[in-house]
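Structure, as structure tokens:
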There are 2 protein chains.
Amino acid sequence: MSEYTNRRPVSLLDVAKAAGVSRATASLVLRESPLVADGTRQRVVETMKNLGYIYNRGAANLRRNSTGTIGLVLSNIGSPFYSTLMAGVDETNEAGSIVTLVANSVDSPDRQIRQIRRLREHNVDGIILCPAIGSDETLAAELARLDLPCVQALRHAELLGGDYVGADYRSGIEKAVRHLVGSGRRRIVFVGATTLHSAARERNEGFRHAIRMHGLNDGLVVAGAPDNAYDVAALDRLLKARNPPDAAVCYNDVIALDVMNRLRSHGRQPGQDFAVIGMDNLPQAAGAFPALTTIATHPREVGQQAAALLQKRIAQLGPSKGEHIIVPPSLIVRRSCGEASVAA
Amino acid sequence: MSEYTNRRPVSLLDVAKAAGVSRATASLVLRESPLVADGTRQRVVETMKNLGYIYNRGAANLRRNSTGTIGLVLSNIGSPFYSTLMAGVDETNEAGSIVTLVANSVDSPDRQIRQIRRLREHNVDGIILCPAIGSDETLAAELARLDLPCVQALRHAELLGGDYVGADYRSGIEKAVRHLVGSGRRRIVFVGATTLHSAARERNEGFRHAIRMHGLNDGLVVAGAPDNAYDVAALDRLLKARNPPDAAVCYNDVIALDVMNRLRSHGRQPGQDFAVIGMDNLPQAAGAFPALTTIATHPREVGQQAAALLQKRIAQLGPSKGEHIIVPPSLIVRRSCGEASVAA
DNA sequence: CGACGGATATAGATCGATCTAAATCCTCCG
DNA sequence: CGGAGGATTTAGATCGATCTATATCCGTCG
């Protein structure tokens, strides 16, 4: 049994008839209006249960012109970092009984526009967007055209008056450098530098700034590329040079873990004669060998805040925009940056 | 500028009027019907563009009684494994221009039911469900009541006539044991055994069966718990015993990575005097030190297949059910199970 | 007794598309 | 010229809720 017969489902009108009230009254009961008498309410509720009534939110949406859904456009679902962000978004959304529609731009601006249109057709009430690499004025134009609340997360393109929730990559990197300097490191290399998006650029700035602050050697930078790639040959060259670096701050944990392996193949021991710091605090960082020191960027919190901000925008329907919420990063010290400085 | 004014959006009727045709004709143009004359079509399309018309799928859904959305209920968004599954689902869905609504049961049967109801209210056309630990007949009853196509993924509860897409955990574990035996290991322990859900039970069976097949010592099993926990004390005891194991097959990669660290704290070298095999082929497996041998369970493919199967069910509206699609696992050999057997 | 007013209940329009059934429009043929 | 018949087009009902404005009920008070 239980073949999904396409039988017409029970509608509010059916309920109303069965309960001997009008459609309007039944609707009021649904929305728990104080206008309806207790007896009536009970009778209707009872009838709903008996008939197995299921609320048709779609019909209500049409009339109310809002759906209780929002779209989440990520540049790469599937990456643990983004899926944690999503978990945060969904958590906050669910608390406000909002459902999340996901879309994956795979860091392609074209796909991104298509996804946003698709979401718009489904009448999402707003969008949380992690702008794809290469997002340009086309995106801004489209968003303006769609006339839809939009909060950017993690990265920001220059959209007019944008709300934004992200991590403080700049100060995160600065913290990392300060920590390394504090434990005696002097030749610090930044691995994975790109200018692909705001989050990458902020890291570069943080590194440059910190290096200058501490009066260190400038220019120790290994270029990165999309998809957690970096210029491995360049790193190898640096390691083989006369005056090799003694510490690395990496674009993120994935790169940092790879750098640690790379070091070993050069006969260096990460955590002993070379300090490595990553960024993001992915689950694998703690379990790595040696455990990876990292700058936690708290994607779950970013997701929660972004969802909350979007809900606020949707509710207030119009006024002030351009809020920036920055979730402060925290340095999590583990063995990969030298035994001396670690407790456990 | 670009405050999202709540101005009434352009409707199909507006377009029709402006183009000098009827609402019906405009609708036909939308759906690319061959019934409408070329000239008319062009005129209408033009008008749509000029007015900035946006298709209101919600309204259409109401009439058509289908929404082009499906719900994906996961037991733990946020985990990389599930987010990869989701990426697969979304990929296939998107190809069929279906959008994915996500919901997180956090492995709680109550939440799971609530989530399913919520999705149902949003008129999803079907559901992909990774049943929460402890799912029981309540779930089956609810699904029957909702009368909605449902494909189970990765785990299956005993839902009447269920479609299911998953990995072949049983044969995966068997492969792992065979490989270890082939490279001379004899005392193989299974770390992380639980009976919490079908995927866990299948692994246990695979292990027991393989052990028997190869005539090995029975009973080397360390119990697991939800959330990638396992009985660490028990493992420690085994390692300190007179006749310690020389290899471990683990419930999944997360546990395997932890086991490798554990081994080191007992002075054993994973990949040299002890072989470790994980399961899932998470991204961190390849980057671990030593790189982790693992049984790839291909969550992305599972997601794609599940989405495809669900689309099929939705399309055919009724007939045959109970299809089981099993994605074969593959053993990926890396350094963690002994240098001899590795190429690179 | 009739009017007033708070408490309930409801009729009917409405959201924006799709669908059915029927109306027009042409062209061409007898 | 009348009409058959394919090609287009359309009026109007419909999906299932919400909203506005109005009706009805009933107790109370002047």
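The chains referred to below are lettered A, B, ... by the order of the sequence lines, with proteins before strands, and numbering in each begins at 1.
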Open item on the list: Contact list please: residues 19-26 of chain B against DNA chain D, heavy atoms, distance less than 4.0 Å, in numerical order.
Closed with: B/Val21, B/Ser22, B/Arg23, B/Ala24, B/Thr25

Task: Side-chain donor/acceptor of A/Arg64 to base of D/dT18, under 3.5 Å - done: no

Is it true that [X] and [Y] make a salt bridge, defined as a side-chain N closer than 4.0 Å to a carboxylate O?
X: A/Glu121; Y: A/Arg118; result: no
X: B/Arg114; Y: A/Glu94; result: no
X: A/Arg43; Y: A/Glu46; result: no

Nearest-Å distance for atom pair [atom1]/[atom2], residues [X] and [N]:
X: B/Leu51; N: C/dG16; atom1: CG; atom2: P; answer: 14 Å
X: A/Leu13; N: C/dG12; atom1: CG; atom2: C1'; answer: 13 Å
X: A/Lys17; N: D/dG16; atom1: NZ; atom2: P; answer: 11 Å
X: A/Arg43; N: C/dT8; atom1: CZ; atom2: P; answer: 13 Å
X: B/Leu62; N: C/dT14; atom1: CG; atom2: C1'; answer: 12 Å
X: B/Asn61; N: C/dT18; atom1: CG; atom2: P; answer: 10 Å
X: B/Asn56; N: C/dT14; atom1: CG; atom2: P; answer: 18 Å
X: B/Leu12; N: D/dA11; atom1: CG; atom2: P; answer: 13 Å

- [ ] Pick base, sugar-phosphate or nothing for B/Ala60, based on heavy-atom distances below 4.0 Å to the nucleic acid.
- [x] sugar-phosphate

Heavy-atom side-chain proximity of [X] to [Y] below 4.5 angstrom:
X: A/Ser27; Y: A/Leu12; answer: yes
X: A/Val21; Y: A/Thr40; answer: yes
X: B/Gln112; Y: B/Leu129; answer: yes

Open item on the list: Return whichever of A/Arg63 or B/Tyr53 has its heavy-atom-nearest nucleotide of DNA chain C closer to the 5' end.
Closed with: A/Arg63

Task: DNA chain C contacts made by residues 27-40 of chain B, counting heavy atoms under 4.0 Å - done: B/Ser27, B/Arg31

Open item on the list: Please check: side-chain N/O of A/Asp125 versus main-chain N/O of A/Ile70, any donor-acceptor pairing under 3.5 Å?
Closed with: no

Task: B/Leu13 backbone acceptor or donor facing B/Arg23 side chain under 3.5 Å - done: no

Task: side-chain hydrogen bond (donor to acceptor under 3.5 Å, both in side chains) against B/Glu137, all qualifying residues, sequence neighbours excluded - done: none

